[in-house]
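Labels below follow one simple rule: chain letters A, B, ... track the order of the sequence lines, proteins then strands, and each chain is numbered from 1.
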2 protein chains.
Amino acid sequence: MKKDTLLTISERTGYSVSTVSRVLSGQGPKYRIAQKTIDYITEVARSCNYTPNLIAHSLRTNRTNTIGLIVPNIDNPFFSTLAAIIINQFKMRGYTLLLTDTMESETNEVQAVNTYVSRQVDGIIVVPVGNSPGYLEDIAGSIPVVLIDRYFEDTTLPYVCTDNYSGGYMATEYLINKGYRKLMAVQGVRTSMPNRERMRGFLQAASDHSASGVRKRTAGDSFSVENGYKETMAAMTSGDRPDAIFAFSTTILLGVIKAVKELGLRIPEDVALISFDNNRFLDYLDPAITRIEQPLHTIGEIATDSIIRMIESEDGHVSGQFQILIRPSLIEGRSC
Amino acid sequence: MKKDTLLTISERTGYSVSTVSRVLSGQGPKYRIAQKTIDYITEVARSCNYTPNLIAHSLRTNRTNTIGLIVPNIDNPFFSTLAAIIINQFKMRGYTLLLTDTMESETNEVQAVNTYVSRQVDGIIVVPVGNSPGYLEDIAGSIPVVLIDRYFEDTTLPYVCTDNYSGGYMATEYLINKGYRKLMAVQGVRTSMPNRERMRGFLQAASDHSASGVRKRTAGDSFSVENGYKETMAAMTSGDRPDAIFAFSTTILLGVIKAVKELGLRIPEDVALISFDNNRFLDYLDPAITRIEQPLHTIGEIATDSIIRMIESEDGHVSGQFQILIRPSLIEGRSC
DNA sequence: CTATTTTGCGCAATCGTTTGCGCTTTTACT
DNA sequence: AGTAAAAGCGCAAACGATTGCGCAAAATAG
């Protein structure tokens, strides 16, 4: 089983490479190749167990049927779930996926994009880190690019993201409706768009209900367990304890829980908890945590659909100015 | 920014495509291209912002610098962690990764492998589902293949896996040393090699200590929450309750916990728990769960190293008969 | 039985790079 | 000055597939 090419089959059958190519790519009828020729060539190809060389195919057709996916950290369940959805979507459509993990580094991201361009991918889906869409906008001029999960403010790049503002608002209002008044939000990286939007939702909801005595405070600066732990410790040992904490991510939540338990406080009696992002484990914590669930499936599907549409409609240049925010939903636990 | 090729640069500079190619691939000195020529061409290339076409490069050189990774379910934290490790390892070595999620289907796996062969990947790392290594062994004749996490019994395929027998033995002995005597193991898919090995370890440890009154029983048939729940319910409501349960996976464990809690039983007073596979969340459950941790990092590194060595040593045909089992370790929680 | 159409297929260029070989022009040496 | 060696670069053939164009043979028409 060395190397089987069209040339091999051509020699074996006596037909030209062109004919073999047309037959094996299913263009036989279109080029009026005789049915018996088609059958014959097909048969020989199978017996050789011929495998088409997709590299050569790509070079010639200028299509690789490959999509590049770039995420900040595939080890994060949030992104691995998202990746799983996207990978499967694309497989169903006949595309294969190149995956890069940037580890939240913009340098890695730029490098990954360049690699993808070099590899002539048909499209790129990226969860951008950093705040400089410039180079992505350049690329988007020649290759379809779609942002997911995070986006930029003044950009023409298409994106599909969660409506984090709504999520933040929703969670906060839920706490308020449950009777909590002294709210604390523990946020992640402040410059990141999802974080800012969640915060905006939190602040807006709190001030919309300031008349009923709702007071708010914010803390934190990273999507990490340590951050949640540290801020919670500080707040709960201060003179003015919050009665409810809104963790902006699951990692932050874990830190919050750790601190709360170490302090011997009960959830939700002493302090209520609500969190952002869903995870199966949250149902098994004690108590199960109420959280905002991002519509990952919808995001993955829309992103996939649109990028494929962009690829296939490429009448010379790429157009696709759609920017979509999808409302998340709330999953109730017993932590409020 | 249309398309910049060697030809473009060749025309712009007046030098031949060959010269441009040699310069831009760093072979300038080797072919004694004048330094000023090198500088000039390099400069022009940058100003055009030339991007090499890796497809053409691959076609010519017969190397794609691409590795195919096949996992059964990227949404499973176990595999996403493993994938993250492998992806990063390969990135550091200059390879890009194609990722496929087979969703535990052998059909998908075969298809994925074929796609990879077609795409001329330089190597394949696969967590195989199913029990028919045949087609993989064929492939391995022409492309380096390494199995991870799961392997086949009578195969020449190289693999790097956890020593699941040791893990099973270790967990069981731990329970016994803690004083538990009525042990139950809830297993996953019975035909899968890791499951069988864990079971073998469990049974062996139990019978090695049968003199001290250790009794064993087994149940279950799938790596799912439902399975853990169902079997635990059955066992704990039977006349003969186990005093310790060994869950063969995190998912099974979650089911076990669910049942235990619903029955109002305490961990570890009423029943002790130990589980296979590590996960950050296990420390936040109440109580933190004692578990066997698989050496994912080591597995990822060895697999990467060896496949790269196989690729680079390819003096015509692939050789690499190494089959490695790595001992897992035990992380203590408070569930025993 | 000739003229036209249809059928069935092959030629050769092309995609963008790499690379073995060889051709000029310098430079060095005696 | 004459010759040999070295420096600097280009030709053209790959890699394996696709595809516009066109040619011969067979079928149909007239």
Point to revise | Under-3.5 Å donor-acceptor pair between Arg22(A) side chain and dG8(C) base | key: no

Point to revise | ring pair (Phe, Tyr, Trp, His ring centres under 6.0 Å) contacts in which one or both residues fall within residues 110-159 of chain B, not counting sequence neighbours | key: Tyr151(B)-Tyr159(B)

Exercise for review: Measure from CG on Leu7(A) to P on dA12(C) and round the result to the nearest Å.
Suggested key: 15 Å

Exercise for review: Sequence neighbours left out, what pairs pass salt bridge (charged side-chain N to carboxylate O under 4.0 Å, His left out) with at least one residue falling in residues 19-45 of chain B?
Suggested key: Glu43(B)-Arg46(B)

**Study point:** Interface residues of residues 11-20 of chain A with DNA chain D (non-hydrogen, below 4.0 angstrom)
**Key:** Val17(A), Ser18(A)

Point to revise | Non-neighbouring partners of Ser306(A) that pass side-chain hydrogen bond (donor to acceptor under 3.5 Å, both in side chains), sequence neighbours left out | key: none

Practice item. Output every pair passing ring pair (Phe, Tyr, Trp, His ring centres under 6.0 Å) with a member in residues 18-66 of chain B, not counting sequence neighbours, ordered by first then second residue. Key: none

Check your understanding: What's the closest nucleotide to the Ser21(B) side chain, out of dG16(D), dT17(C), dC11(D)?
Key -> dT17(C)

**Study point:** Euclidean distance, atom CG of residue Leu59(A) to atom P of dA14(D) [Å, nearest integer]
**Key:** 17 Å

Point to revise | Members of residues 29-46 of chain B that approach DNA chain C, where some heavy atom sits under 4.0 Å away | key: Tyr31(B)

Point to revise | Flag if over 12 foreign heavy atoms under 6.0 Å of CZ, Arg12(B) | key: no

Exercise for review: Could you check Asn114(A) against Thr51(B) for side chain to side chain contact (heavy atoms under 4.5 Å, CB included), going step by step and ending with a plain yes or no?
Suggested key: CA-CA 8 Å; Asn114(A) 287 333; Thr51(B) 311; over 6 Å; no

Practice item. Identify which nucleotide among dA17(D), dT19(C), dT17(C) has an atom closest to any side-chain atom of Gln27(B), counting heavy atoms from C-beta outward. Key: dT19(C)

Review point. Applying the side-chain hydrogen bond (donor to acceptor under 3.5 Å, both in side chains) test to Arg93(B), which of Asn65(B), Asp305(B), Thr304(B) qualifies?
Key: Asp305(B)

**Study point:** Heavy-atom pair of closest approach, residues Arg150(B) and Pro128(B)
**Key:** CD-O, 3.2 Å

